[in-house]
Amino acid sequence: MLVYLVIIVVAYLLGNISTSYIIGKKLAGVDIRTQGSGNAGSTNVLRTMGKKAGAMTFGGDLLKGMLAVFFAKILAHYTGADELTSAYIAVVFVVIGHNWPAFLGFKGGKGVATSLGSMLAVNPILALSCFAFFLIIVAVTKYVSLGSVLGICISPILMLITHNPKGILVTLFLSASVVYTHRANIKRLLNGTERKLGEKK
């Protein structure tokens, strides 16, 4: 239990490292949460600060998700804890840390890149399948939010197909968290006012 507690704390703290906030401060001297949509995520950085900053944010959020899982796996390996359970705990808490960071007043991002990064370290085939689906949806509709929600929400289905009970629970959590953090986007999608990729206003 102590091992799992350490993983929870470390994963949550890693999640608190807000790439978008750091990049906003370093490159433009602004709090990204006061710009654009107000979200501390890569899409908002892309729209307000450009492609390079957006890519850096996406990469940073992806990396911290992977690091949380790698840490959990290594710790589990050397302590005899269950590696898969440890990895899934890290997935959940690094995303919680990203979405609700204590160091930023619990106002973080939407968890898409961090979810992808953490799942890449656990189940790369599933993660890449979801990412491919995300890219297809965005390419067809130009809605990043729609691609994000649908891309994450197919993960429990894939886990069900592969008969992974623990994976189903974790991906249901990821799906629920992404739907929750995108609730305003979903409302705009339904009433036709959601911004498409490349739209300035």
Side-chain angles (χ1 to χ4, degrees), residues 1-26 31-34 37-46 53-76 81 83-124 126-127 130-131 134 144-145 148-149 151-153 155-156 166-167 169-185:
M1 288 301 294
L2 179 60
V3 172
Y4 296 148
L5 181 60
V6 171
I7 291 169
I8 287 171
V9 172
V10 171
Y12 180 77
L13 291 176
L14 280 171
N16 271 245
I17 301 172
S18 177
T19 313
S20 61
Y21 181 83
I22 294 169
I23 288 174
K25 286 292 186 179
K26 293 294 184 182
D31 182 342
I32 190 62
R33 298 170 302 168
T34 66
S37 67
N39 180 251
S42 53
T43 301
N44 192 31
V45 173
L46 172 66
M56 290 169 63
T57 301
F58 182 83
D61 288 345
L62 192 83
L63 180 61
K64 72 182 180 185
M66 297 179 74
L67 287 175
V69 173
F70 289 150
F71 169 80
K73 285 184 172 182
I74 292 170
L75 185 62
E83 287 192 28
L84 186 58
T85 299
S86 299
Y88 280 141
I89 289 172
V91 170
V92 170
F93 282 92
V94 73
V95 171
I96 290 174
H98 174 81
N99 291 355
W100 299 283
F103 296 131
L104 291 178
F106 301 98
K107 186 180 179 183
K110 296 181 179 179
V112 177
T114 303
S115 295
L116 176 62
S118 60
M119 286 305 297
L120 273 172
V122 178
N123 190 328
L126 178 139
C130 292
F131 186 58
F134 160 81
V144 175
S145 56
S148 298
V149 171
I152 290 286
C153 286
S155 58
K166 289 181 181 178
L169 291 175
V170 172
T171 51
L172 280 173
F173 163 77
L174 295 179
S175 300
S177 67
V178 167
V179 169
Y180 177 78
T181 57
H182 282 79
R183 60 195 184 281
N185 302 84

Search all heavy atoms of [X] against all heavy atoms of [Y] and return the closest pair with its distance.
X     : Y      : value
Ser20 : Val45  : CB-CG2, 3.6 Å
Ala81 : Val3   : CB-CG1, 4.0 Å
Met66 : Gly117 : CG-O, 2.9 Å
Ser86 : Ile7   : CB-CD1, 3.5 Å

>> Holding to side-chain hydrogen bond (donor to acceptor under 3.5 Å, both in side chains), I want the full list of residues that pass it with Ser115, two or more places apart in sequence or in another chain.
In response: none
>> Could you work out, with side-chain hydrogen bond (donor to acceptor under 3.5 Å, both in side chains) as the rule, every residue matching Thr43, not counting sequence neighbours?
In response: none
Mind listing the side-chain donor-acceptor pairs of residues 87-99 below 3.5 Å, one per line with the distance, residues two or more places apart or on another chain?
residue	atom	partner	partner atom	Å
Tyr88	OH	Asn164	ND2	3.2
His98	ND1	Lys64	NZ	2.9
Asn99	OD1	Gly111	N	3.1

> salt bridge (Lys or Arg N to Asp or Glu O under 4.0 Å) with Lys107: which residues, sequence neighbours excluded?
Replying inline: none
Using a 3.5 Å cut-off and no angle test, enumerate the donor-acceptor pairs between side-chain atoms of residues 68-75 and protein atoms at least two apart in sequence or in another chain.
residue	atom	partner	partner atom	Å
Lys73	NZ	Ala121	O	2.6

Taking side-chain contact (heavy atoms from CB on, under 4.5 Å) as the test, write out the residues that go with [X], two or more places apart.
X      : result
Ser42  : Thr57, Phe58
Asn185 : Lys110, Ser145, His182, Arg188, Glu194
Lys25  : Tyr21, Asp31
Leu63  : Leu67

>> Within the 4.5 Å heavy-atom criterion, are Val179 and Cys153 side-chain neighbours or not?
In response: yes
> Who passes ring pair (Phe, Tyr, Trp, His ring centres under 6.0 Å) against Phe131, sequence neighbours left out?
Replying inline: Phe134
> Going through the distances and angles, do Leu116 and Leu62 end up as a side-chain contact (heavy atoms from CB on, under 4.5 Å)?
Replying inline: CA-CA 6 Å; Leu116 176 62; Leu62 192 83; 3.6 Å; yes
If you round to the nearest 0.5 Å, how far is [atom2] of [Y] from [atom1] of [X]?
X      : Y      : atom1 : atom2 : answer
Leu174 : Met119 : CG    : CE    : 6.5 Å
Asp61  : Thr19  : CG    : OG1   : 4.0 Å
Asn44  : Ile32  : CG    : CD1   : 4.5 Å
Leu84  : Asn123 : CG    : CG    : 9.0 Å
Tyr180 : Phe173 : OH    : CZ    : 12.0 Å

>> For a side-chain contact (heavy atoms from CB on, under 4.5 Å) check, start with the C-alpha distance between Asn39 and Thr181, then their side-chain angles and the critical distance, and finish with the verdict.
In response: CA-CA 10 Å; Asn39 180 251; Thr181 57; over 6 Å; no
